[in-house]
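Read the structure below first, then the notes.
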Amino acid sequence: MPEPAIVMERLTRRFGAVTAVDGLTLEVPRGVIFGFLGPNGAGKTTTVSMLLGLLAPSEGRASVLGHDTALESQAIRARVGVVLQHPGLYEELTVEQNLEFQGRAWRIPANERRARIRELLEGMGTWDRRHDVVGSWSFGMQQRLALARAVLHRPQLLMLDEPTAGLDVIAANEVRATLVELPRRDATTIFLTTHNMVEAERLCDLVAVIRRGRLLALGTPEELRRSVADQRLIVTGRRLGAGADALQHDPRVRSVELHDHLLTLHLAADVDLADIVRRLVTAGAEVEEARREAATLEDAFVRLVESAA
């Protein structure tokens with residue numbers, strides 16, 4: 001088995017009386033897209049800062065790509081690419097000049113550097129626009145360029161913070177398509193922090209959920225969805241309020257949401273849906289359509305965070 005890309009052992013960070021990260025222990029295998037999920041203030045940014053060697057742990061230890069974060073932070077940063085929510089590009093330089101500057105900073109040989117820049121820009125479909133001033137590009141295009149800059153030196157690990165935040169649908173899909181290719185094409189491990197549960201469900205091989213610096217769950221999106229062990233019944237029609245009232249205290253119904261002509265019932269697993277619909281009709285609801293939906297990663301996330309409150 002290859003050594004994991006990231007190992008955390010009881011990783012802890014305190015700021016005075018506040019514990020931002022509290023005994024995190026987990027491993028991130030190589031070559032996967034790993035989602036690091038949590039509400040605001042969960043400790044995600046503090047954890048990333050420790051993994052990059054920018055912040056020392058109060059207790060515990062971590063290693064990234066086999067290097068101790070406390071002792072070998074420079075070696076880690078040389079092998080890692082980072083993309084934050086703000087692209088951080090030099091907006092008065094051209095697209096090519098931005099990548100050229102970064103390539104020189106990484107000390108990539110000239111011929112290899114030029115070939116790599118062309119490869120990345122052609123992959124973005126923007127080679128013909130390499131002389132554009134970056135400030136003239138949209139935020140979405142700048143974010144894609146920031147991603148190209150982060151992988152210019154072929155890092156073994158890519159750390160991303162909300163990489164599609166603020167992007168339109170087309171730009172976001174293009175970024176996601178690029179991310180999915182990286183582990184397969186370059187054997188790059190991706191460590192992704194995001195609030196976008198749909199994105200995490202679509203992209204990630206493994207996810208960890210944290211709250212107040214503590215690990216709540218670790219597994220594949222499917223494993224976390226199964227941990228919720230419920231299902232949703234979506235009902236449209238008229239007079240649904242009467243049916244909702246009738247089911248409020250049914251032990252099979254975990255929660256009821258009514259919005260105009262749409263009723264959403266969160267049910268325990270293996271409930272007889274036909275019997276639920278019969279109860280709605282008996283109570284006076286006029287059901288036009290009823291469909292079942294399986295739990296999503298967002299459902300699992302909300303359930304985990306609320307249960308730990």
Salt bridge or not for [X] and [Y], using N-O below 4.0 Å?
{"X": "R232", "Y": "D299", "result": "yes"}
{"X": "R154", "Y": "E119", "result": "yes"}
{"X": "D250", "Y": "R279", "result": "yes"}
{"X": "R225", "Y": "E223", "result": "no"}

Min side-chain heavy-atom separation [X]-[Y] under 4.5 Å:
{"X": "K44", "Y": "L37", "answer": "no"}
{"X": "F191", "Y": "V28", "answer": "yes"}
{"X": "H153", "Y": "Q102", "answer": "no"}
{"X": "L265", "Y": "I276", "answer": "yes"}
{"X": "D260", "Y": "L262", "answer": "no"}
{"X": "I190", "Y": "P183", "answer": "yes"}
{"X": "I210", "Y": "L216", "answer": "no"}
{"X": "R176", "Y": "T164", "answer": "yes"}

Check whether more than 12 heavy atoms from other residues, nucleotides or ligands sit under 6.0 Å from atom [atom1] of [X], and answer yes or no.
{"X": "R214", "atom1": "CZ", "result": "no"}
{"X": "Q74", "atom1": "CD", "result": "no"}
{"X": "E92", "atom1": "CD", "result": "no"}
{"X": "H261", "atom1": "NE2", "result": "no"}

Output a table of donor-acceptor pairs, distance under 3.5 Å, between side-chain atoms of residues 120-127 and any protein atom two or more places apart or on a different chain; print 'none' if there are none.
from: E122; atom 1: OE2; to: R118; atom 2: NE; distance (Å): 2.8
from: E122; atom 1: OE2; to: R118; atom 2: NH2; distance (Å): 3.4
from: T126; atom 1: OG1; to: L121; atom 2: O; distance (Å): 3.4

- Message: Hydrophobic clusters here meaning ILVMFWY residues chained together by side-chain heavy-atom distances under 4.5 Å, can you tell me if L247 and L233 are in one?
- Response: yes

- Measure from the side-chain N and O atoms of T12 to the backbone N and O of G60, and report whether any donor-acceptor pair falls under 3.5 Å.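 Such a contact is absent between T12 side chain and G60 backbone.
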
- Query: Is a side-chain donor or acceptor of T94 paired with a backbone partner of Q97 at a separation under 3.5 angstrom?
  - Reply: yes

- Query: So, for V95 and R129, which heavy atoms are closest and what is the spacing to 0.1 Å?
  - Reply: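 What the structure gives for the nearest pair is CG2-O, 4.0 Å.
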
- Message: Going by side-chain contact (heavy atoms from CB on, under 4.5 Å), T46 matches just one of L51, V21, L54, T19. Which one?
- Response: V21

